[in-house]
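Within every chain, numbering begins at 1; the chains are lettered A, B, ... in the order of the sequence lines, protein sequences first and strands thereafter.
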Amino acid sequence: MLLLRFISFLLRVFLFLRFISTLKKLQILYQTAMAKELTTREDNYSQWYNDIVTKADLAENSAVRGCMVIKPYGYAIWERMQAALDKMFKDTGHQNAYFPLFIPKSFFSKEASHVEGFAKECAVVTHYRLKNDPDGKGVVVDEQAKLEEELIVRPTSETIIWDTYRSWIQSYRDLPLLINQWANVVRWEMRTRLFLRTAEFLWQEGHTAHATKEEAIAEAEQMLRVYAEFAEEWMALPVLRGVKSANERFAGAVETYCIEAMMQDGKALQAGTSHFLGQNFARAFDVQFLNRENKLDYVWATSWGVSTRLMGALIMTHSDDNGLVLPPKLAPIQVVIVPIYRNDEQYRLTCDKGREIKQQLEAVGIRVKLDDRDTQKPGFKFTEWEFKGVPVRLAIGPRDIEQGTVEIARRDTLTKEFASIDGIASTVQLLLETIQRNLFQKALDFRTANTKPVDSWEEFKEQIEKGGFLLAHWDGTPETEQAIKEETKATIRLIPLETDREPGVCVYSGKPSAGRVVFARAY
RNA sequence: CGGGGCAUAGCGCAGCCCGGCUAGCGCACCUGCUUUGGGAGCAGGGGGUCGCAGGUUCGAAUCCUGCUGCCCCGACCA
């Protein structure tokens, strides 16, 4: 009897040890596989970013230099961003419209600083017809079909829109005019990176006209708040709010407001801008209105935009060395269900249970995918959906069905636990909210940890190498800003709006400063 | 627009120096069997104008010339 017990004990020990060694083996295999597929952030941050975009199937380079193909999964995220923003625009009284892709060249010369800002990166249409190459194969430009006036492919639409507004606005009764357009624009960039900087990109541009300066400023500030709220609530992206220095201001603006975010490599990324344009465009395009006193005046303008660059911000803020990490509110798929089975019978049972859970989750508005492909193994599916950043994964096997449980894995923490299938919808709903909050908090903690006041030039030069935001005093001159940029590659990301500003002395020149500004190296 | 590098199967690469068998490897793909709780295994199979155009040579992925495209690093930029 004793001997039997002893043997059984030995057997258990043996099985346990084997189990441990299998686990270790799996762990090693897993890590090797990962390392092979995805570059780590520490190893090469840019390559890591490129790998995520590719592996998560978000976008790829196209046959056209500098332009990208946004793939269905990437576009689905952009569509969710669009939907949320569009509602916020409508809720603040804006309407959508659409203006032409092409802008007559002469329009551009009407606003001096605007031309200067964009002239170097404009694509120009000079002809409108092709013909068969008389000397051989293919087609050539038909020189007969030269345009009388060349057309610029819009890098932004202020000029064509203000030219149009002239005929829309006669009286203060026509104001405010609150228009947004969703469009593509082209800026001929030398060096491009998927989402962050491409020759063609998608965006929205708001263009508003107002009777008074105060109202236009209020509009620009309102839209900055909208962007900040979108970034923080939807993207889980903490942002600083502020205004740009003269050097960084939009070409043609009186004041540029911006939201600025910190990426995991400590670099800053401008996530949205809103401009108070004064009467610059109204004067350039002669847009006047009769005010209440029956006097002619130029209208006051704003413009504001965010682009597919936000996709880059989203990726670089939350993702890890296992792939993309998406905040639940923007994830095209919030929950993926993976059935675990050994035979046809189990396949049927686990898929049935999966469908049942899917319905329960969908009933409370959760976006769910049941991955019932029989051509891939569970392990493969786990990794694949991790790459793609799906916030929550449920795995259902025969054991779960017996016990009425399901394995829940969180993408943000990479942790797993078991939960009862009863009440799964509210469990998952709560979890999604938790993940959304956790991602924001993690990003905020990271930003806080990498934001430091600096008070001497030596300290500035030392700290900027470590990345992050530096809060430093600046004498307010473009010359000092330029000098700092040349010496350290850091620029003023913004002059904060929301903090009390204490006077001090400029970290570079030692001259008086009105308050600290945020310096960083930027995308 | 300056400096550097690369171009060979869908993707990643070897072969090139020193020219010579049927151009090879990994992943992916197809078929079959075994598998399925963290990227499955075995067996078999398909897929190539070696970036383009010339030249040298009996013979060129390999040597020479020109062209084109892409990537990386700088300047510019959201």
Regarding [X], tell me which of base, sugar-phosphate or nothing describes its non-hydrogen contacts under 4.0 Å with the strands shown.
X	answer
R65(A)	sugar-phosphate
R373(A)	nothing
F201(A)	base
Q270(A)	sugar-phosphate
N343(A)	nothing
L196(A)	base
E384(A)	nothing
K416(A)	base
T192(A)	nothing

- Message: Is the ring pair W48(A)/Y45(A) parallel, tilted or perpendicular, if the boundaries are 30 and 60 degrees?
- Response: tilted
- Task: Please state the P separation for the pair U62(B) and U49(B) - nearest whole angstrom.
- Result: 16 Å
In whole angstrom, what separates [X]'s [atom1] from [N]'s [atom2]?
X	N	atom1	atom2	answer
K120(A)	A75(B)	NZ	P	14 Å
W203(A)	C77(B)	CH2	C1'	13 Å
R191(A)	C77(B)	CZ	C1'	12 Å
L494(A)	A78(B)	CG	P	15 Å
M263(A)	A78(B)	CE	P	17 Å
D371(A)	G38(B)	CG	C1'	14 Å
E486(A)	C76(B)	CD	P	8 Å

- Message: For a quick check, tell me whether the side chain of R342(A) and the base of G37(B) share a donor-acceptor pair closer than 3.5 Å.
- Response: no
- Can you figure out which of G39(B), C72(B), G37(B) approaches the side chain of N50(A) most closely? C72(B)
- Looking only at C77(B), A78(B), G39(B), the nucleotide nearest the T383(A) side chain is G39(B)
- Query: With a cut-off of under 6.0 Å to the ring centre and 45° to the axis, is R393(A) in cation-pi contact with F382(A)?
  - Reply: yes
- Using a strict 4.0 Å threshold on nitrogen-to-oxygen distance, state whether R493(A) and E248(A) make a salt bridge. yes
- Message: Check this for me: does any side-chain nitrogen of one of E232(A) and R241(A) sit under 4.0 Å from a carboxylate oxygen of the other?
- Response: yes
- Query: What about F89(A) and W304(A), are their ring centers closer than 6.0 Å?
  - Reply: yes
